[in-house]
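Residue indices begin at 1 and follow the sequence shown. Given the structure is predicted, the values throughout are model-derived calculations rather than measurements. Basis for what follows: all heavy atoms, side chains included, without hydrogens, waters or symmetry-related copies.
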Amino acid sequence: MKRALAMFLVLILCFTLVGFTPQYTYAQSGLEIEETFTDIGVTKYWEKVERIRLNNSNIGKEKFISDNKHKTGNIIEEFGGTAEPSSKLFLLHYAEGWDTGTQQYPVLFVHGAGKNGDYAADPKENDGSDGIMQYLKDNDFKFFSITFAHPHGDNYIQREILAAAIQRIKEVTGAEKVDIIAHSKGNMSARMYVSNVKKSWGQGFDQDVRRYIQLGAPNGGIDYSFRNTWAAWGIMGSNGHGPVPFTRMMIYGFWKNTAYHSLYDSSDGGGAYTGQAQMLTRWDDEYSLGSLEQDWYTAYHGGQGFYSYSKGIDYAIEQGGDLINILKNSPVDSSVQIATLAGNQNVINGVVMENDGPSDGIVFVESALMTEPMTAGGASLLDKRVLSMNHVELAYDNSAKSWIKTQLTR
């Protein structure tokens, strides 16, 4: 009797220990769920938000400046009270219906530069505009969105974080594959994952993406900052948002060190816009540079101008590892289906943006539609389309939403 009782107590203890095994540890995927938020005052548009840590010793904290720190209060709280979190961390946002939606494949939205996961739900950032999240949720999709730690971070790191987010979504939904919707810079990490472009320590593509939906993707790269130089004076003169191509600039009659705000790496005093430098490529053979831009020649080719000093786009491309060229030579896995949407309106918030060639205001239409390198390995192209909208509208315009739903359900 005593032996039977002892055995019973051992069994009870074993089950008790199992019950108290920390649920935030996932040894197989190297993930820790650090904190889960369910208070609507914090999560805002989401049923819940998880702060997750990817335990990878190759990933650390990237450089922040005041411009690219997180500014949104709830995002800062979800990151543990810091506006400059380690890049090991990310937020995974769960829309209502993430566990009850009837559509077979979960959907993950990947935000662009300077944004966060809330962009999928509040694209006009005014707490009053529904986004692609509400639209797809109402159509019975299991919808998720990611927030990267660094709004302009290294795309090799964000690729690993994206892979981790996909792993987590598969764990909580039981799905074998997910669908990705990526906007703007978010396409860099997405494209790198499905093309298996990674560092030696990176996670290989697990063939767990069914469809990859591109919105305003810089498939052929961009050279916006180096050809639209007046924007740099707007940024630096008004403490604005975004990188500049100059290490020194004359601002209000005084020479200023602007290297910290530049596209160059930390060896040149920069390093806060690594992910932006990785998107660079030259388009001057296709679209001539505008000679009315301030110091237009030296900005692009490098050297001392009248009001600035630039190391040139070739130098920045080299520092960024010429990633666009690598992607052009790395087809998407043949198991993935692709759909690409581009815009052709270059006015954003009433301001004429990129106008040296047809563009959505940021990305040349030709760059966004450069799908041939992606399909060279057998990946199928579901659709490639241009709609009359600008770069930001691609993420929320009703026509864009309808097109996205079509690509997910066809």
Side-chain angles (χ1 to χ4, degrees), residues 61-71 83-84 113-114 150-155 185 218 221-285 287-324 346 348-356 359 361-363:
K61 183 177 178 179
E62 298 179 78
K63 182 177 180 179
F64 286 86
I65 59 175
S66 59
D67 168 52
N68 58 27
K69 293 179 183 179
H70 288 282
K71 304 293 194 299
E84 42 187 306
H150 198 295
H152 298 270
D154 187 323
N155 294 300
K185 180 183 177 294
I222 59 174
D223 61 358
Y224 184 91
S225 295
F226 282 89
R227 67 165 59 237
N228 294 281
T229 61
W230 280 115
W233 273 272
I235 291 169
M236 299 307 303
S238 63
N239 295 317
H241 176 82
V244 302
F246 306 116
T247 57
R248 296 195 307 273
M249 297 172 62
M250 183 177 285
I251 302 171
Y252 301 129
F254 297 94
W255 282 99
K256 302 289 186 181
N257 181 344
T258 57
Y260 73 99
H261 226 290
S262 74
L263 284 154
Y264 310 112
D265 70 20
S266 57
S267 65
D268 292 305
Y273 290 98
T274 302
Q276 295 277 1
Q278 291 167 338
M279 293 192 290
L280 292 172
T281 199
R282 292 182 66 152
W283 279 91
D284 55 317
D285 286 342
Y287 302 113
S288 299
L289 301 175
S291 60
L292 296 180
E293 295 289 333
Q294 186 86 285
D295 289 348
W296 65 275
Y297 186 88
T298 52
Y300 207 89
H301 299 285
Q304 180 66 53
F306 291 107
Y307 302 100
S308 63
Y309 180 82
S310 168
K311 290 180 174 290
I313 191 170
D314 287 339
Y315 184 85
I317 290 171
E318 183 179 0
Q319 285 192 334
D322 201 6
L323 182 52
I324 292 297
N346 65 357
I348 300 177
N349 295 328
V351 179
V352 177
M353 305 286 280
E354 179 60 77
N355 64 352
D356 289 337
S359 81
I362 302 294
V363 180

(request) Report the distance from atom CG of Leu263 to atom OG1 of Thr247, rounding to the nearest 0.5 Å. (result) 11.5 Å

(message) Please check: side-chain N/O of Asp268 versus main-chain N/O of Gly270, any donor-acceptor pairing under 3.5 Å?
(response) no

(message) I'd like to know if the side chain of Glu62 reaches the main chain of Asp154, judged simply by a donor and an acceptor atom lying under 3.5 Å from each other, with no hydrogens or angles considered.
(response) yes

(request) Applying ring-ring contact (aromatic ring centres under 6.0 Å, His included), name anything that partners Phe226, two or more places apart in sequence or on another chain. (result) none

(request) Return yes if a side-chain donor-acceptor contact under 3.5 Å exists between Lys185 and Asn155, otherwise no. (result) yes

(message) Walk me through whether His152 and His241 qualify under side-chain contact (heavy atoms from CB on, under 4.5 Å).
(response) CA-CA 11 Å; His152 298 270; His241 176 82; 3.2 Å; yes

(request) Kindly indicate whether the side chain of Ser225, heavy atoms from C-beta on, has any atom under 4.5 Å from the side chain of Gln276. (result) no

(request) Answer whether the closest heavy-atom distance between the side chains of Met236 and His261 falls below 4.5 Å. (result) yes

(message) I'd like to know whether Tyr264 forms a side-chain hydrogen bond (donor to acceptor under 3.5 Å, both in side chains) with Ser310, so could you lay out the CA-CA distance, the side-chain angles of the two residues, the decisive distance to 0.1 Å, and finally the verdict.
(response) CA-CA 10 Å; Tyr264 310 112; Ser310 168; 3.2 Å; yes

(request) Taking the side chain as every heavy atom from C-beta outward, state whether Asp284 and Ile313 have any pair of such atoms under 4.5 Å apart. (result) no

(message) Side chains of Asn228 and Met353, heavy atoms from C-beta outward: is any pair under 4.5 Å?
(response) no

(request) Can you see which heavy atom on Gly271 is nearest to which on Thr274, and at what distance? (result) O-OG1, 3.6 Å

(message) Rounded at 0.5 Å granularity, tell me how far CG in Asp223 sits from OG1 in Thr281.
(response) 8.0 Å

(request) Measure the NE2-CD distance between His70 and Glu84 for me, rounded to the nearest 0.5 Å. (result) 10.0 Å

(request) May I ask you to decide if Trp230's main-chain N or O and Glu293's side chain share a donor-acceptor pair within less than 3.5 Å? (result) yes

(request) Quick one: pull up CD1 in Ile348 and CD1 in Ile362 and give me the separation to the nearest 0.5 Å. (result) 4.5 Å

(message) Determine whether a donor-acceptor pair (N or O, by modelled atom type, separation under 3.5 Å) exists between the side chain of Arg227 and the backbone of Ala299.
(response) no

(request) Supply the atom-to-atom distance Gln278 CD to Ile324 CD1, rounded to the nearest 0.5 angstrom. (result) 9.0 Å

(message) Working to the nearest 0.5 angstrom, can you tell me the gap between Asp265 CG and Glu318 CD?
(response) 10.0 Å

(message) I need the minimum non-hydrogen distance between Lys71 and Lys69, along with the two atoms involved.
(response) NZ-O, 3.0 Å

(message) Tell me whether the rings of Trp283 and Tyr287 are parallel (<30°), tilted (30 to 60°) or perpendicular (>60°).
(response) parallel

(message) Once ring-ring contact (aromatic ring centres under 6.0 Å, His included) is applied, do any residues pair with Tyr307, and if so which ones, sequence neighbours excluded?
(response) none

(message) Ignoring hydrogens, what is the shortest heavy-atom contact between Ile251 and Gly237? Give both atom names and the distance.
(response) CG2-CA, 4.2 Å

(request) Could you tell me whether the side chain of His150 and the main chain of Lys63 form a donor-acceptor pair under 3.5 Å? (result) yes

(message) Which residue in the set Trp233, Tyr309, Tyr300, Phe306 passes ring pair (Phe, Tyr, Trp, His ring centres under 6.0 Å) when paired with Phe246?
(response) Trp233

(request) State whether the side chain of Ser359 and the backbone N or O of Asn346 hold a donor-acceptor pair below 3.5 Å, judged by distance alone. (result) no

